[in-house]
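These notes concern the structure reproduced below.
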Amino acid sequence: MLKTFLKYLFSLFIFQGLLLSSTYNLVGLVLDAESQKPISNASIYIVDQNIGTTSDEEGYFNLLLNNYYLDNKINLKIQVIGYQEKEMLVFLSKGRNDLGEILLKAESIKLESIEIHSHENESKQISDIVIEGKELNENLKGNIATSLANYPNIGINSFGVVTSKPSLRGFSGDRFLLTKDGDETGDLSQSSIDHAISLDMTEVDQIEIIRGPRSLIYGSNTIGGVINTSLIGSASKRVGRFVKQFSIGKESFNDGLHGNGMFYIPLGNNQVNLFLSNRVTENQTSPIGELENTQSNTELYKIGFTRYGKNSYINLIFENYNLTYGIPPSPLSVYNPDIDIVLWKETYQVNFHKDISFTAFNALDIKFDFIDYVHVELVDNDGNYNDIFDILEGDYHLGLAKKTYNYKIKLSSNNLIVGSELNVKEFTPHGLYYTPPTDEIYFSLYGFKENRIDKIGVDFLSSFRFGYLSIKPKDYDNQYKYIDGSMVNDKNFPNISFSFGVKKDIDKFEINSWIMHTMRAPRVEELFSDGPHLGTYAYEIGNPSLEAERIYGIENSISYYSNPFKFSLVTFYNYSPYYYQMAKMGHCEGEYDPYSTVDPSHP
């Protein structure tokens with residue numbers, strides 16, 4: 001009933017928007033008046049309207065405006081710390097309005113109290129990548145992997161386009177982190193190639209690839225880096241009046257159609273954000289023909305409520321995500337049933353932010369996430385995906401449910417971050433999935449520091465994360481076929497990750513160098529699996545004796561910038577004395593028959 005109501009509401013808003021509004025497109029380039037270098041993160045906003053944007057890494061900005069709440073002229077203000085602010089009167093014409101180059105003059109920084117609920121650390125490496133604005137729109141595809149495919153040292157692991165996943169510098173799975181607004185996605189995409197990422201790309205406002213010391217504030221296993229996505233509808237974006245944004249698109253290679261709507265609804269000191277999205281695709285086509293059973297259907301409904309104070313806000317978010325998709329048949333198998341996967345996820349989130357003045361810190365953030373996830377694999381399903389919990393009552397399926405409880409507290413400033421995190425996961429198998437019910441408890445402390453020594457013009461960066469993971473399989477009445485059941489017991493993995501780096505600017509050159517040591521504990525399925533995995537057409541066997549991985553990395557890089565020319569050279573080396581992954585051990589003697597009444601778990 002709620003989904004039906006939201007769909008009708010979504011359609012009504014789209015219809016109203018098409019009738020009553022047209023769009024102004026305000027673009028420009030913000031430059032340093034003396035050096036002509038681009039100025040990133042400059043605030044561009046309309047005076048007294050609470051409508052604005054920021055310039056990207058190249059100084060460009062793109063501001064979309066609707067004429068139903070604007071006159072044909074506006075007062076536009078450009079502001080960034082370290083430069084004189086600039087205000088200009090702009091007369092609007094329908095369509096594209098190009099302001100050209102906007103030159104800002106440098107000035108001494110004046111310390112003053114500014115109400116701003118963002119304290120992002122800008123300690124970026126040369127190898128870091130930030131994609132936003134125009135560049136993001138040009139590269140945005142149906143998933144995160146294909147959106148990043150044109151960037152260096154990023155590969156794609158694919159089992160059909162829906163399940164495509166990025167790899168960073170050859171690392172895949174959970175040897176790098178993928179986060180949404182700094183938080184884990186809460187799905188099982190890192191555990192197998194057939195598991196999709198529960199991320200709707202139409203709600204992504206920025207993609208940032210983070211490497212080096214700063215990456216450890218997101219997690220311990222970041223040797224490959226961090227892909228952090230910033231989402232539209234963030235609590236830090238406050239509007240002065242009702243704003244709605246729509247997007248509709250089509251993809252030809254899979255006859256896909258997608259659309260979404262974002263609504264900002266201010267109510268005094270409160271604000272409601274509503275996001276609705278739907279994407280439907282048919283089978284993927286290729287130069288050699290159609291790839292069977294690669295259709296998909298994605299639905300996302302998200303509502304957020306924010307209460308703003310003078311120097312703080314509290315934000316509540318509820319999200320419902322549903323994805324159904326098919327797995328292409330295996331060319332090596334004689335019996336090729338249609339394998340369909342149904343994914344359901346609900347997220348409940350509480351965010352508290354407060355601007356403070358406490359020793360060296362100026363911001364306090366407290367977060368709580370609860371993620372309820374269910375993943376089911378079906379054989380020759382009839383396509384009835386109305387209720388995943390009804391499907392769980394059926395026969396011949398594999399499934400895994402996971403509940404995630406995540407608690408974070410962080411103190412931060414522009415060059416200092418300390419925090420702690422408690423993460424609790426509850427894994428529950430269904431059907432023929434023979435991994436035992438297992439609890440994971442992970443606690444960690446982390447920190448990041450950047451020191452500037454002006455005398456020699458060098459920035460020193462350092463970070464650490466100390467953690468302790470406890471894996472506790474529950475009593476499970478199961479006779480394992482290939483692993484020793486006596487070894488299915490509690491596992492504990494202490495871990496220490498750290499990184500050190502330096503940065504130096506010499507005229508138009510920048511030099512970066514850093515080293516890193518990370519540790520990664522084995523996943524539950526790597527330890528205890530002993531059963532079929534429909535989506536990969538394989539029988540998977542874990543190893544309960546696995547230990548934590550240790551990976552060492554080093555990076556050296558140099559860049560040169562002189563507008564409009566930019567050049568960078570990055571070298572890196574990673575080494576692990578103890579590294580493991582799933583490997584093929586042989587062929588089964590028969591074909592998998594899910595309808596066998598003798599032993600449906602294995603040929």
Side-chain angles (χ1 to χ4, degrees), residues 173-174 184-192 194-196 198 321 341-348 369-379 387-407 422-443 467-493 520-536 538-548 580 582 594 599-602:
D174 58 354
E184 66 173 273
T185 57
D187 55 36
L188 292 172
S189 58
Q190 81 283 3
S191 65
S192 180
D194 66 305
H195 297 171
S198 57
Y321 183 93
I341 294 183
V342 184
L343 186 161
W344 174 90
K345 187 181 77 168
E346 283 192 346
T347 302
Y348 303 82
D369 286 304
F370 170 66
I371 303 173
D372 194 1
Y373 174 95
V374 180
H375 169 107
V376 176
E377 301 179 10
L378 305 160
V379 178
D387 192 333
I388 193 172
F389 299 102
D390 288 342
I391 296 174
L392 285 173
E393 300 298 325
D395 296 324
Y396 305 116
H397 67 267
L398 312 181
L400 180 64
K402 182 176 73 168
K403 297 181 186 294
T404 302
Y405 306 82
N406 188 261
Y407 309 82
L422 175 63
N423 189 286
V424 180
K425 293 185 175 73
E426 300 174 354
F427 296 88
T428 305
H430 292 279
L432 303 176
Y433 198 98
Y434 293 145
T435 302
T438 306
D439 291 344
E440 279 190 2
I441 303 173
Y442 176 70
F443 177 76
Y468 190 86
L469 174 65
S470 179
I471 299 178
K472 299 179 177 295
K474 300 177 182 179
D475 292 336
Y476 192 43
D477 184 17
N478 179 59
Q479 297 296 319
Y480 294 98
K481 289 180 176 292
Y482 294 102
I483 65 174
D484 185 353
S486 65
M487 297 184 66
V488 181
N489 48 36
D490 291 0
K491 310 289 182 180
N492 297 306
F493 299 95
R520 170 190 171 271
R523 299 187 302 268
V524 172
E525 63 272 12
E526 291 174 325
L527 291 168
F528 305 134
S529 285
D530 189 1
H533 189 160
L534 288 185
T536 59
Y539 191 99
E540 296 180 353
I541 304 169
N543 183 352
S545 63
L546 289 176
E547 300 177 1
Y580 48 82
M582 286 285 187
D599 185 3
S601 69
H602 191 253

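Here the structure is a predicted model, which means the values were calculated and not measured.
- The backbone N or O of Lys472 sits nowhere less than 3.5 Å from a side-chain atom of Asp439 that would complete a donor-acceptor pair.
- Taking the six-membered ring for Trp and thresholds of 30 and 60 degrees, Phe370 and Tyr405 have ring planes inclined between 30 and 60 degrees apart.
- Using modelled atom types and a 3.5 Å distance limit, the side chains of Asn406 and Thr404 yield no donor-acceptor pair.
- Among all heavy-atom pairs drawn from Pro544 and Lys491, the shortest one is O-NZ, 2.9 Å.
- Residues meeting the side-chain contact (heavy atoms from CB on, under 4.5 Å) test with Leu400, sequence neighbours left out: Leu188, Phe427, Tyr433.
- Here the closest heavy-atom approach between residue Asn492 and residue Ser470 is recorded as OD1-OG, 3.1 Å.
- Applying the side-chain hydrogen bond (donor to acceptor under 3.5 Å, both in side chains) criterion to Asp174, with sequence neighbours excluded, gives Arg520, Arg523.
- Listed for the Thr438 side chain is a donor-acceptor partner under 3.5 Å among the backbone atoms of Pro436.
- Pro473 approaches Asp490 most closely through the heavy-atom pair CD-OD1, 3.7 Å.
- Here Ile441 contributes atom CD1 and Tyr468 contributes atom OH; the two are 10.5 Å apart, rounded to the nearest 0.5 Å.
- Rounding to the nearest 0.5 Å places CD of Gln190 at 9.5 Å from NE2 of His195.
- Remark: Met487 CE to Leu527 CG distance equals 9.5 Å, nearest 0.5 Å.
- Across every non-hydrogen atom of Leu546 and Glu526, the tightest pair is CD1-O, 3.6 Å.
- Checked by atom type, the side-chain pair Tyr407/Asn423 shows no donor-acceptor distance below 3.5 Å.
- Of all heavy-atom pairs between Trp344 and Asp372, the closest is CZ3-O, 3.6 Å.
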